[in-house]
There are 2 protein chains.
Amino acid sequence: MADMGGETITVLIVDDHAVVRQGVRAFLETQPGLSVLADVGSGAEALRLAAELVPDVVLMDLVMPEMDGVEATRRLKQVSPRSQVIVLTSYHQDEHIFPAIRAGALSYLLKDVDSSELAGAVRKAARGEAVLHPRVAARVVQELHGARQSAAFNPFTELSERELEVLRLIADGASNSEIAERLVISEKTVKSHVSNILSKLHVLDRTQAAVFAWREGVMRRDS
Amino acid sequence: MADMGGETITVLIVDDHAVVRQGVRAFLETQPGLSVLADVGSGAEALRLAAELVPDVVLMDLVMPEMDGVEATRRLKQVSPRSQVIVLTSYHQDEHIFPAIRAGALSYLLKDVDSSELAGAVRKAARGEAVLHPRVAARVVQELHGARQSAAFNPFTELSERELEVLRLIADGASNSEIAERLVISEKTVKSHVSNILSKLHVLDRTQAAVFAWREGVMRRDS
DNA sequence: GGTGACATCGGTCTGTGGGCGGATGGCGGA
DNA sequence: TCCGCCATCCGCCCACAGACCGATGTCACC
């Protein structure tokens with residue numbers, strides 16, 4: 001919270017490869033104003049330490065055995081909400097980017113960033129500013145593009161009228177067969193719509209889609 | 001809305017058995033102040049007519065071919081919210097009662113009610129007052145019993161602490177295996193909890209449970 | 001000491017959900 | 001005109017969800 005000016009920014013490094021941890025750590029320690037509290041090799045350790053040390057910034061790898069970075073990020077934001085998470089990974093596919101952001105990551109860097117950028121991202125993160133790797137930024141913008149007014153931070157992509165209709169029914173607890181009955185279409189078609197909705201919203205199943213609809217205000221308590 | 005004093009109460013009868021329809025109709029027509037607009041044999045017809053005629057009260061059978069009464073009630077309340085639905089059926093099992101009430105039925109009568117009670121229930125319904133058959137009322141009270149403060153019209157039964165914990169995770173979009181991981185218990189145990197939650201909330205699957213949690217305010221948009 | 005609610009775990013089974021790979025026709029913009 | 005989005009439909013397939021059966025230990029309450 002109070003990292004204005006001269007105060008030290010504390011960092012926690014999470015990566016299952018020791019080489020990466022040590023490399024990043026060695027570099028960050030040369031940076032004035034940055035202090036690496038610890039580097040750990042698993043999400044579980046990260047959670048434990050984050051709860052204890054409450055680092056300003058967490059550098060998080062995504063692909064790790066046992067608990068992946070997305071899950072670790074989600075839970076970390078629960079136990080230590082004020083820690084800012086920077087994803088540092090080599091993947092720039094949608095299936096990594098969007099879940100990570102939705103899990104609460106602030107910034108998303110690819111491992112080919114040069115050192116000064118990394119240090120800059122850490123300092124920015126401590127101030128709550130996000131940094132997206134250009135390639136990632138491109139994807140995010142592309143997703144945002146085509147969305148209508150997008151109050152604040154809406155769905156990432158626009159749903160068609162029909163899809164919205166299906167989403168509302170999902171968010172009302174309807175099964176595929178019920179939706180088919182109500183819309184007077186085949187269940188296969190419903191499944192197609194549902195699949196499209198899931199991928200557009202970047203969620204994994206209908207329950208998450210329903211939650212999304214409620215959280216995002218598509219649904220209201222009085223319907 | 002404006003059925004004070006002398007105005008006529010309009011009624012729609014929905015039942016797949018012609019005999020029942022005619023019997024009920026014949027009786028209601030002897031009642032002063034009541035006017036039967038129509039009697040229909042299917043949910044689909046009921047929806048069409050209700051949208052057109054906007055009856056004050058709809059007498060709804062539950063068990064019907066094609067669209068059952070619960071589904072018909074749900075959709076009827078969408079197309080004609082001011083119509084009050086009285087369920088008139090011969091079943092008093094939970095699996096009929098609770099879905100019907102949740103679908104928007106106001107009153108729930110068993111077919112052994114005597115005529116004067118039926119007429120009374122119709123008049124009460126027109127004023128927005130509910131009537132539950134004694135046997136049904138007993139079940140509902142029994143369900144409500146043990147519930148804590150139950151602001152307004154809460155869950156029908158109290159969930160245990162652990163179940164609430166699981167419900168929150170469901171309402172966050174978590175799968176059984178994720179829940180198991182997070183709570184550090186086996187997936188079998190999670191399934192047990194989920195099953196108990198579903199039956200206590202009288203819903204059919206996890207998505208409906210999630211919707212319930214959001215609708216009922218267990219979940220908030222900022223978690 | 002019994003009784004019941006709760007949390008934990010197990011097995012088996014079935015239906016549904018959802019992915020993947022197609023196909024069609026309509027319709028509007030380049 | 002051709003292309004791409006949308007809505008509709010089809011089949012195959014497998015993992016998950018949830019029902020139903022069971023069990024254990026703990027704990028509070030009477």
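This one's a predicted model, so the numbers in the text were calculated from it and none came from an experiment. In what follows, chains carry the letters A, B, and so on, assigned in the order in which the sequence lines appear, proteins first and then strands, with residues in each chain numbered from 1.
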ask   = So, A:Asp61 and A:Lys111, do they make that salt bridge, N to O below 4.0 Å?
value = yes
task = Could you tell me whether A:Glu165 and A:Arg162 make a salt bridge, using a distance below 4.0 angstrom between a side-chain N and a carboxylate O?
result = yes
Could you state the atom-to-atom distance from [atom1] of [X] to [atom2] of [N] in whole Å?
X        : N      : atom1 : atom2 : result
B:Leu167 : D:dG18 : CG    : P     : 12 Å
B:Gln208 : D:dA19 : CD    : P     : 11 Å
A:Glu161 : D:dC6  : CD    : P     : 12 Å

request  = Please name the residue in the list A:Arg215, A:Gln208, A:Arg74 that meets the side-chain hydrogen bond (donor to acceptor under 3.5 Å, both in side chains) test with B:Asp172.
outcome  =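 Looking at A:Arg215, A:Gln208, A:Arg74, the match for B:Asp172 under the side-chain hydrogen bond (donor to acceptor under 3.5 Å, both in side chains) is A:Arg215.
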request  = Report the residue from B:Leu12, B:Leu37, B:Val11, B:Thr10 that forms a side-chain contact (heavy atoms from CB on, under 4.5 Å) with B:Asp56.
outcome  =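 When side-chain contact (heavy atoms from CB on, under 4.5 Å) is applied between B:Asp56 and each of B:Leu12, B:Leu37, B:Val11, B:Thr10, only B:Thr10 qualifies.
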Enumerate the protein-to-nucleotides 8-19 of chain C contacts in which both atoms are nitrogen or oxygen and the separation is below 3.5 Å.
residue: C:dT8; atom: OP1; partner: B:Arg162; partner atom: NE; Å: 3.2
residue: C:dT8; atom: OP1; partner: B:Arg162; partner atom: NH2; Å: 2.8
residue: C:dT8; atom: OP2; partner: B:Arg162; partner atom: NE; Å: 3.1
residue: C:dT8; atom: OP2; partner: B:His193; partner atom: NE2; Å: 2.7
residue: C:dC9; atom: OP2; partner: B:Ser186; partner atom: N; Å: 2.6
residue: C:dC9; atom: OP2; partner: B:Thr189; partner atom: OG1; Å: 2.7
residue: C:dC9; atom: O5'; partner: B:Thr189; partner atom: OG1; Å: 3.4
residue: C:dC9; atom: N4; partner: B:Ser192; partner atom: OG; Å: 3.0
residue: C:dG17; atom: OP1; partner: A:Asn176; partner atom: N; Å: 3.4
residue: C:dG17; atom: OP2; partner: A:Asn176; partner atom: ND2; Å: 3.1
residue: C:dG17; atom: N7; partner: A:Lys191; partner atom: NZ; Å: 3.0
residue: C:dG18; atom: OP1; partner: A:Arg206; partner atom: N; Å: 2.6
residue: C:dG18; atom: OP2; partner: A:Arg206; partner atom: NH1; Å: 2.6
residue: C:dG18; atom: N7; partner: A:Lys191; partner atom: NZ; Å: 2.8
residue: C:dG18; atom: O6; partner: A:Lys191; partner atom: NZ; Å: 2.8
residue: C:dG19; atom: OP2; partner: A:Ser195; partner atom: OG; Å: 2.5

key: Heavy-atom pair of closest approach, residues A:Arg182 and A:Ala174   =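 It is NH2-CB, 4.3 Å.
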